[in-house]
Every structure is written in C-alpha cells, then in structure tokens.
Amino acid sequence: MIEKKEIVEKVIFENQIEKLNPVQERAVKMGILEGESLVVSSPTSSGKTLLAELAGLNVTLNKRKKMVYLCPLVALAREKYEDFKRKYQKYGIKVALSVGNYDSSDPWLSRFHWIVCSNEKFDSLIRHEAPWINEIGVVVADEIHLLDDPNRGPTLEILLTILKEILPRAQILAFSATIQNAEEIGEWLGAKVLKSDFRPVPLYKGISFDGKIKLFGFKEYKLSEGLGLEESIVENTLLMKKQLIFFLSSRRNTEALAEKLSKLVFHFLEEKEIEGLKKISQAIENTLEIPTEQCKKLARCVEKGVVFYHSGILFDQRILVEEAYKKGLIKVITSTTALAYGLNLPNFRAVVRDAKRYYPGLGSIYLPVLEVEQMFGRSGRPKYDDWGEGILVAKNEKEVEELESYYLKGELEEISSKISTESALRIHILSLVSNHFLKSETEIFEFFKKTFFGKKYREISVLKEKIEETIFLLESWGFLERKEGKLNATKIGRRISQLYLDPLSANLFIESLKGCQKANEFTLFCLLAKAGELKPSPSLTTKDAFLVEEEILKNEEFFFFQMPDEFDEEYEEFLREAKLATIFSFWIEEKTEGEIMEKLKITPGELHSRVEISDWLLYSILEISKLVPFEQEIKKELKKLRVRLRYGIKEELVPLVSLRGIGRVRARALFDSGFGSISKIKEAKTEDLVRVLKSQTLVKKLKSEL
DNA sequence: GATGGACCCGTCTAGACAGCATGTC
DNA sequence: CTAGACGGGTCCATC
C-alpha cells in the first residue's frame with residue numbers, strides 16, 4: 001500500500017515540477033486518489049495528463065488494477081506511451097501501446113498495467129472480447145470533446161457507455177478542452193465536474209487589422225508598413241526572436257503562403273541555422289526514391305526556415321518538420337487544422353488567418369470557437385515565454401467586430417451527441433449484438449437510453465425509429481438474425497464487426513462480387529472506391545475527367561456492376577471513384593509517385609493513406625470470401641491485387657516482394673537484372689546480387705533466409 | 001518586341017480511426 | 001440561402 005502523499009510526490013518528481021498546479025490540486029481534493037470519477041474541462045496545457053498519472057499509480061500500485069488511456073490520435077497515443085514509460089517504468093509499471101498498426105488483441109496485453117490506446121482500437125479490443133477488460137481500474141478518455149465529431153464521436157460515446165455497464169465500479173477520467181456543457185457530460189458519466197481556465201503561461205488573444213495587432217486586455221503591436229499583412233506579422237515575430245504558426249483554410253493556401261514567406265524569413269536566419277536547415281531540406285527532398293513536386297517545394301521552403309504542414313505531407317517528413325521546429329530552426333509553419341489537434345508543438349504565437357472554412361453545401365463559414373481555441377492552445381511555452389499569443393486576422397472593419405464578438409467575447413459551443421447518424425447506428429448495433437452484449441430490440445433501446453444522447457435529450461423516441469430501420473437493414477443483409485424474439489449476429493455479421501468494416505460497405509462488396517466472373521484490376525478498384533471508407537473521393541478537374549473516362553472505356557467489358565449513365569446524378573461521383581481507381585492502376589503499373597501526382601494531382605501522403613485503407617479493405621474482402629461463395633478466380637485475383645497494391649508493383653514482381661527487405665524498388669532492380677524468381681535468386685552468385693542491391697548485409701540476410 | 005502589372009474568371013476546398021502478421025515494447 | 005484565394009489567361013502600359 002502506498003500513501004496518497006507518496007504518489008503525489010512521485011508524480012511531482014517525475015514531472016520535474018515543484019508542486020501541483022491549481023487544477024491538479026483541486027482534482028486531488030475532489031478525490032481522484034479515492035477512485036472518484038471526474039470530468040475535467042480545462043485548457044490544453046493545464047496539466048491534465050498528470051491527473052491520469054496520479055490515478056494510474058494509485059490504481060495499479062494499490063489495487064493491482066489497470067489503467068486504460070484513450071486518445072483520439074495515434075500520434076498522441078504514441079507520445080503518451082513514450083512519456084509514461086520514461087517516467088514510471090522504474091516503479092514497476094509496465095506500459096503498453098495498442099494502436100491500429102502496432103499489435104492485436106492478444107492476451108499479452110494482460111501482462112501490462114497501463115495500456116495506451118486509440119479510441120477505435122479499444123473499441124476493437126472489446127469486439128474481440130479481450131479477456132483482461134475486467135482488470136481495468138481506471139479509464140482515461142482524453143479530448144472527450146471528440147464526442148461532437150460526426151465521424152468519430154459515436155465510437156467514443158458507445159465505448160464509454162459500454163464501459164460504464166461492464167465496469168460499473170471503475171473510475172472514469174474524462175478530459176476535455178474548455179467546453180460549455182461539461183456538467184452534462186459529468187451527469188452522463190456519473191462523474192464530478194472540474195472546470196478551470198488555468199494556464200501555466202497566460203494566453204492573450206487578439207485581432208490583427210490595419211497594420212496593428214491588438215491583444216485583448218494586454219498590448220498593441222504596430223506592424224511595419226510596406227510589407228504584406230502576413231509578412232509584417234512574421235517580421236514582428238522574428239524581431240522578438242519567436243516562432244509562429246499560421247492556420248489557413250486549405251492546403252493550397254498553406255503552400256502558397258509558405259513560399260511567399262520564405263523569401264522574407266530567409267533574411268532572418270543565422271549562418272548556423274542555414275547549415276542545419278540545408279541538411280533537413282535534403283532529407284525531406286529525398287524521402288521518396290524520386291522526389292515529387294510537393295517534396296521539392298517543401299524542401300525549398302525548409303531551406304529558408306518555413307514549412308507548410310497538412311495531411312498530404314508524408315509521415316517521415318512530418319517528423320523531420322516537427323523536430324526542426326522544436327529545435328527552433330524552422331521559424332514559421334503554415335498549417336491546416338492538421339496541427340491544431342495533433343501533437344505537442346509548443347510555440348509562441350498562433351495566427352488564425354482564415355477563421356472561415358468551406359463546408360460543402362454550406363459555403364464558407366466561421367470555425368467553431370472550440371476549434372480556434374485548440375489552435376491557440378499551445379501558444380506560450382512554459383520556461384521560454386512569459387505569455388503566449390493567439391491572433392485572428394480580420395479582412396475588414398466589419399470582420400473585426402464579428403471576430404471580436406464571436407471568438408473573444410462569445411461563448412463556447414455545446415458538445416452534443418452525434419450517435420443518431422445512420423452509419424454510427426449501423427456499425428455499433430451490429431457490434432453490440434455480435435459480441436452478445438445486447439440480445440434483443442428492447443435491450444438495444446435500453447442501451448441507447450444510457451448513452452450521452454439518451455441522457456442529454458432524456459428520451460430516445462427519435463432514435464427508436466432509426467434503430468428499428470437499422471436492425472431491419474442488418475437483417476436483410478444477412479448480418480443479424482432473429483430467433484424467438486432474440487437478436488443474434490450471423491457468422492458473417494460477427495466477422496464484419498471484428499474486421500471493423502462498415503456493414504454498408506460489406507454488403508456492397510458481397511452483393512457485387514457474388515457470382516462475379518469477369519473483373520479486372522481497374523474495375524475491382526472501382527468497387528473499392530465506392531466504399532465509404534475511401535470517401536471522400538478525390539476531386540475531379542475537367543482534364544482528369546477526360547483521362548478517367550478513357551480508362552473506363554478501356555476496361556468497359558470488365559465492369560461487373562452497373563455503371564451509372566452519363567446523365568445520371570451519380571455519374572460525377574462515379575467518375576471521381578474511377579479517378580481513384582485510375583490512380584491505383586498507375587500505382588500498380590509502377591509509375592512513379594511524381595508521375596501520378598503530376599497527371600492526377602494527388603499528394604504522396606494521400607496516395608499512401610489511400611493505399612493503406614484499400615489494403616485493409618482487400619484483406620477484409622478476402623476474409624469475407626471465406627464465408628460467402630465467391631468465384632475461385634476472383635479470390636485469386638483479389639489476393640494478387642492486394643500484394644500489388646500494397647507495394648505498387650506489376651504482376652511479375654509479386655513473388656519477389658515476399659522476401660523480407662525487398663520492396664518496390666529492389667524487386668524491380670532484381671527483376672531487370674535477370675533475377676525474376678525466387679529460384680533464380682537462390683542460384684545467383686552473392687557478388688552479383690550485391691551489385692544489384694548495393695548492400696552486403698541485405699544479400700547475406702536474403703541468402704540465409706532462402 | 002519583351003516584360004510585367006492589373007484584372008477577370010474558372011476552379012476548388014480539413015483531417016485520419018480501424019484488420020492482420022511480424023517480433024517485442 | 002451563404003465564400004474566397006489561387007492561378008492561368010488576357011490585355012495593355014512601359015521601357
């Protein structure tokens with residue numbers, strides 16, 4: 001048994017602080033170390049993670065129970081995992097990371113005390129009925145305002161509802177950015193509510209207009225004349241020897257602004273910095289075998305101390321960029337919202353240049369206050385800055401007033417439930433029934449009454465109808481069945497739920513492929529592209545349309561599902577799907593990323609993420625095919641296609657990439673040098689292989705494996 | 001005749017979770 | 001019902 005005092009001391013020591021901050025102190029007083037559940041609503045940098053550490057130590061050391069720490073982003077989960085391990089491994093705490101690309105539901109997780117997960121991964125672990133669930137003593141849900149997200153909120157909501165049911169005695173810590181209705185969430189979770197505005201470094205918010213930056217209740221900067229608006233803000237920041245992040249509405253804007261600013265920022269660099277940046281710039285340019293235009297552009301900007309940051313950037317480049325910013329080499333980042341939620345990139349000043357964002361069907365409208373707050377969130381680095389700044393840019397006088405009343409004096413939005421969307425109901429009802437958690441329609445209704453939706457609106461009659469419809473659909477697709485008033489998942493239904501596939505997509509695949517005999521690569525890609533998992537489809541320019549239609553025509557005879565007519569409403573969406581199929585086709589024809597990007601305007605980062613999703617979809621289809629009668633030929637085709645897509649290779653290289661350490665480029669090199677099969681490689685002389693692969697160690701490994 | 005700025009008009013729009021097989025935190 | 005920045009093309013002034 002470890003005293004409360006001792007736990008607090010350990011945590012204080014490991015975090016290298018002198019004492020608990022006001023938020024943390026209140027949490028302790030409210031009983032975080034007595035197993036009290038809490039909803040904590042406070043700013044980004046207010047030290048919420050430390051609360052998890054307190055509860056985790058208490059639960060593990062005193063009760064021999066586990067902590068599960070739920071994160072909305074894999075990057076965030078990784079960060080927490082590294083952090084926890086570094087601090088608490090020495091006290092005997094075993095920390096594990098469990099996210100999509102990292103491991104599976106194996107019982108091995110039961111050996112660990114603290115398990116850091118993404119929300120969806122934990123949902124999946126429950127679907128696989130992980131045996132250690134009942135050893136959980138505390139569940140921490142980070143960034144719980146994600147509940148409001150139409151795509152990903154429902155998973156978190158269902159997850160927490162389930163946890164409350166199966167672990168009624170577990171402690172729940174729900175962390176949120178400052179939100180309007182933390183009390184409602186507290187009521188739902190049966191938790192006390194801790195609201196605070198505390199920040200370790202004060203944040204001043206303001207508006208920039210007419211050559212000035214006015215910080216509310218603080219000071220005013222006069223910007224130099226003769227420079228563009230963004231340039232003058234940058235100059236003002238750099239003269240103070242600080243860094244800043246611009247938030248813009250589109251990727252294209254981030255790239256354009258970064259290039260524009262690089263001309264100015266360059267003059268502020270010191271000799272040493274230029275050297276360092278040159279190295280990073282080269283690394284960025286050479287991330288891919290053949291750099292794409294975007295890679296070159298980013299490299300150019302980095303050289304001058306500026307980067308643009310959005311989801312089209314490759315993963316490795318992101319890492320390089322983040323490190324360089326943390327070191328202070330990069331002076332300015334121009335970013336989309338990609339940076340607002342993600343990782344911990346402390347800076348001095350955040351400038352929201354585009355407070356409006358385009359929403360399809362809505363035009364361009366103001367961002368939610370919460371989102372802007374997130375962008376401001378990390379401004380002001382403890383130990384470096386005495387304060388931080390969050391600045392909105394106004395385009396005219398009217399906007400000055402609007403921004404002021406909306407963002408600076410206005411109220412935060414409420415968090416609401418998004419659980420009533422069709423896709424959420426589809427996915428979660430199937431999952432809840434398939435793991436035997438709910439066994440009848442009545443039980444489903446009862447369950448939904450206990451969700452945040454049910455608690456917030458006090459009744460679910462609106463939902464009831466939708467739930468009935470959903471059950472009907474799942475039944476008609478053969479994923480659920482009814483026996484004596486009880487609901488049950490069919491074998492295939494259960495598998496679909498475990499594969500984490502949207503039942504709608506699963507049904508699409510099954511119906512399209514059942515009895516199909518004549519598909520080819522392109523048309524199979526077209527089918528994949530119809531799935532919601534790959535939406536939104538890439539956008540289509542008039543030039544693309546021409547190219548894509550050509551491709552469709554070429555493969556016309558291999559279409560195994562109905563193509564919409566040119567005059568149909570769905571035709572344009574079909575073309576966009578076919579565009580993705582075209583991109584994939586080029587990819588497996590071994591066209592370079594640069595070529596694909598140039599022809600069809602897709603960023604390298606986007607290509608890779610689509611490939612990854614498709615790999616998962618193809619795997620899932622193959623798994624489904626074990627339970628439904630597909631033609632043998634189609635199965636073979638799918639299997640081959642999966643390998644080709646993952647590596648981006650022609651058919652002839654398929655056998656070669658099964659060797660470890662051999663991917664797209666090396667396989668091509670081997671093939672072109674006459675080593676086109678495993679047996680030929682076996683027979684080949686070592687020195688010949690070394691000549692082709694340019695690596696002694698690789699060849700040695702290869703030979704020893706064969 | 002080349003260069004470059006002003007202006008018009010069409011185009012296009014953020015992000016990122018999950019399976020599994022590996023060998024290991 | 002609702003936007004706005006970019007970039008390519010065009011025209012025209014200037015040297």
Side-chain angles (χ1 to χ4, degrees), chain A residues 70-78 81-82 84-85 89 94-106 108-109 111-112 114-125 127-128 146 149 151-156 247-257 259-260 309-313 315 335-342 353-367 371 395 427 431 495-502 505 533-536 538-544 601 605-606 608-610 612-613 615-624 642 646 660:
Chain A
L70 301 171
C71 290
L73 293 174
V74 169
L76 231 49
R78 184 157 283 133
Y81 162 71
E82 302 282 349
F84 289 159
K85 209 170 53 167
Q89 206 168 32
K94 289 187 183 161
V95 188
L97 174 67
S98 182
V99 292
N101 255 329
Y102 197 74
D103 64 46
S104 56
S105 80
D106 306 62
W108 70 260
L109 277 175
R111 295 194 327 237
F112 290 83
W114 294 3
I115 297 158
V116 186
C117 282
S118 58
N119 297 334
E120 283 78 4
K121 181 63 185 194
F122 194 53
D123 186 42
S124 162
L125 288 170
R127 292 183 192 209
H128 284 89
L146 185 80
D149 182 299
N151 290 321
R152 300 183 51 207
T155 304
L156 180 58
F247 287 99
L248 312 176
S249 63
S250 74
R251 297 178 183 187
R252 196 174 55 172
N253 289 353
T254 65
E255 296 185 18
L257 183 60
E259 286 207 297
K260 197 161 92 179
Y309 189 102
H310 56 62
S311 71
I313 309 294
F315 182 76
S335 174
T336 56
T337 49
L339 260 184
Y341 302 100
R353 195 199 68 182
D354 306 340
K356 285 182 176 174
R357 189 167 65 218
Y358 175 85
Y359 291 86
L362 294 170
S364 124
I365 52 179
Y366 280 119
L367 292 169
E371 217 161 301
K395 269 122 199 153
I427 293 166
S431 139
R495 192 70 190 113
I496 285 162
S497 169
Q498 291 186 337
L499 288 165
Y500 227 83
L501 207 56
D502 184 340
S505 309
E533 283 84 349
L534 281 169
K535 302 284 173 182
S539 61
L540 195 81
T541 63
T542 23
K543 254 192 261 164
D544 295 342
K601 272 210 181 151
E606 217 171 348
H608 285 171
S609 78
R610 300 295 178 119
E612 205 176 303
I613 294 170
D615 184 49
W616 157 47
L617 292 179
L618 281 167
Y619 172 80
S620 300
I621 295 175
L622 284 165
E623 282 297 296
I624 291 173
R642 183 168 174 228
R646 180 194 278 172
R660 203 176 308 169

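Basis for what follows: all heavy atoms, side chains included, without hydrogens, waters or symmetry-related copies. To find a chain, count down the sequence lines: A is the first, B the second, and so on, and within it residues start at 1.
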Within the structure shown, what part of the strands sits under 4.0 Å from [X] by heavy-atom distance: base, sugar-phosphate, or nothing?
X: A:K85; answer: sugar-phosphate
X: A:S620; answer: nothing
X: A:D502; answer: nothing
X: A:I313; answer: nothing

Figure out the [atom1]/[atom2] separation between [X] and [N], and round it to whole Å.
X: A:D354; N: B:dG15; atom1: CG; atom2: P; result: 13 Å
X: A:I613; N: B:dC20; atom1: CD1; atom2: P; result: 17 Å
X: A:Y358; N: B:dT11; atom1: OH; atom2: C1'; result: 11 Å
X: A:L76; N: B:dA16; atom1: CG; atom2: C1'; result: 13 Å
X: A:E623; N: B:dC20; atom1: CD; atom2: P; result: 8 Å

Point to revise | Chi angles and distances behind the side-chain hydrogen bond (donor to acceptor under 3.5 Å, both in side chains) call for A:S505, A:E533 | key: CA-CA 8 Å; A:S505 309; A:E533 283 84 349; 2.6 Å; yes
C:dT2 and B:dG15, which share atom name P, separated by this distance in whole Å
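Each nucleotide's P atom is 26 Å from the other's.
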If pairing requires Watson-Crick or G-U wobble contacts with both distances under 3.5 Å, which nucleotide is the partner of [N]?
N: C:dC15; value: B:dG1
N: C:dG8; value: B:dC8
N: B:dA14; value: none

Side-chain atoms of A:S311 come closest, of B:dG19, B:dT13, B:dA16, to B:dA16
In short, A:P72 meets A:R152 closest at the heavy-atom pair O-NH2, 2.6 Å
